[in-house]
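Scroll down for the structure; my scribbles are underneath it.
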Amino acid sequence: LEALDKAARRDPRLHLLIVGAGQLEAQAREFSTTRHLPASFAGFLNQTEIAKAYVVADCLVLPSDFGETWGLVVNEAMACGLPAIVSDRVGCGPDLVEEGNTGALFPFGDVDALASTLGALTSEAEHLRGMGRNAQERVLRDYSIEKAVEGTVAAINAALPVRRN
């Protein structure tokens, strides 16, 4: 929200849709209201509802700390054609987010870096859409059900003792 506050001063077109509920929700709502931020709170959305958020979004922002061991929401958003802006502590960042190609990385807690990234990406709408297409292609190519099955079978085969006839 602090990054949005800074970025929205430079680009009034920005609007943040916050999905989820948790311990910080009341503080986030108060901060947003006090600063008159361009933000909407959707609350918790289950698996059947989350696609609605992806449809109205231009990108996903996941500023998580080390508690985000992977960040499945990044896979989901990218599969829906959204680029992802994630902190350098989000587990899937190194695997899914290619700087300027499928999204962007920023140092966790660096409000200025996130604000700058938001501003840069929103000022280049066509580039943002292109990153979304790249993100979707990447996830659908490399993280499909078929790939998961292949990986599971390979892991099982690697763990089994070698049989000799």
Side-chain angles (χ1 to χ4, degrees), residues 1-20 22 24-25 28 31-32 35 37-42 45 47 50-152 154-155:
L1 290 172
E2 289 176 13
L4 173 65
D5 191 18
K6 290 182 178 206
R9 288 183 206 159
R10 294 182 288 239
D11 187 345
R13 297 173 300 164
L14 284 175
H15 189 94
L16 186 65
L17 172 62
I18 301 166
V19 176
L24 299 177
E25 183 179 5
F31 184 90
S32 179
R35 302 236 180 145
L37 296 181
S40 300
F41 289 80
L45 298 178
Q47 293 173 333
I50 192 68
K52 294 174 187 174
Y54 299 142
V55 168
V56 300
D58 294 315
C59 68
L60 172 82
V61 178
L62 189 62
S64 301
D65 61 15
F66 286 122
E68 199 72 58
T69 56
W70 178 257
L72 186 59
V73 67
V74 176
N75 293 68
E76 294 171 350
M78 290 173 88
C80 291
L82 298 178
I85 302 170
V86 303
S87 82
D88 58 359
R89 292 188 181 176
V90 173
C92 69
D95 294 309
L96 294 179
V97 181
E98 299 171 39
E99 189 69 40
N101 186 42
T102 63
L105 294 163
F106 68 95
F108 171 74
D110 189 335
V111 173
D112 291 329
L114 178 53
S116 177
T117 299
L118 288 171
L121 291 179
T122 56
S123 67
E124 301 174 17
E126 187 52 42
H127 181 59
L128 191 65
R129 285 189 290 276
M131 285 194 305
R133 288 188 296 273
N134 295 340
Q136 184 177 50
E137 180 183 303
R138 164 90 190 221
V139 168
L140 295 179
R141 181 189 68 228
D142 297 338
Y143 293 87
S144 66
I145 292 172
E146 292 80 11
K147 290 282 186 182
V149 170
E150 288 173 17
T152 302

query = Checking side chain to side chain contact (heavy atoms under 4.5 Å, CB included) for the pair N134/E98: CA distance, chi angles, key distance, verdict?
reply = CA-CA 10 Å; N134 295 340; E98 299 171 39; over 6 Å; no
Identify the heavy atoms of [X] and [Y] that sit nearest to each other, and give their distance.
X: V19; Y: A53; answer: CG2-CB, 3.8 Å
X: V90; Y: L62; answer: CG2-O, 3.6 Å
X: A113; Y: P107; answer: CB-CD, 4.0 Å
X: G103; Y: V97; answer: C-CG1, 3.7 Å
X: I85; Y: C59; answer: CD1-SG, 3.9 Å
X: L82; Y: A57; answer: CD2-O, 3.2 Å

Minimum side-chain heavy-atom gap [X]-[Y] below 4.5 Å:
X: L72; Y: N75; result: yes
X: V86; Y: L105; result: yes
X: L128; Y: P83; result: yes
X: P63; Y: F108; result: no

Backbone N/O of [Y] and side chain of [X]: donor-acceptor pair under 3.5 Å:
X: E68; Y: R89; value: no
X: D11; Y: G119; value: no
X: S32; Y: L1; value: no
X: S116; Y: D112; value: no
X: Q136; Y: M78; value: no
X: S40; Y: L17; value: no

query = L4 pairs by side-chain contact (heavy atoms from CB on, under 4.5 Å) with which of L37, L114, V61?
reply =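 The passing option is L37.
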request  = Examine the side chains of W70 and D95 and answer whether a donor and an acceptor come within less than 3.5 Å of each other.
outcome  =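 There is no such pair (donor and acceptor under 3.5 Å, judged by atom type) between the side chains of W70 and D95.
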query = Any chance CD of E99 has more than 12 other-residue heavy atoms, nucleotides or ligands included, within less than 6.0 Å?
reply =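 It does: E99 CD has more than 12 such atoms within range.
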ask   = Between atom OG1 of T102 and atom CZ of R138, what is the distance when rounded to the nearest 0.5 Å?
value = 6.5 Å
note = Rounded to the nearest 0.5 Å, the CG atom of L121 sits from the CE atom of M131 at a distance of 4.0 Å
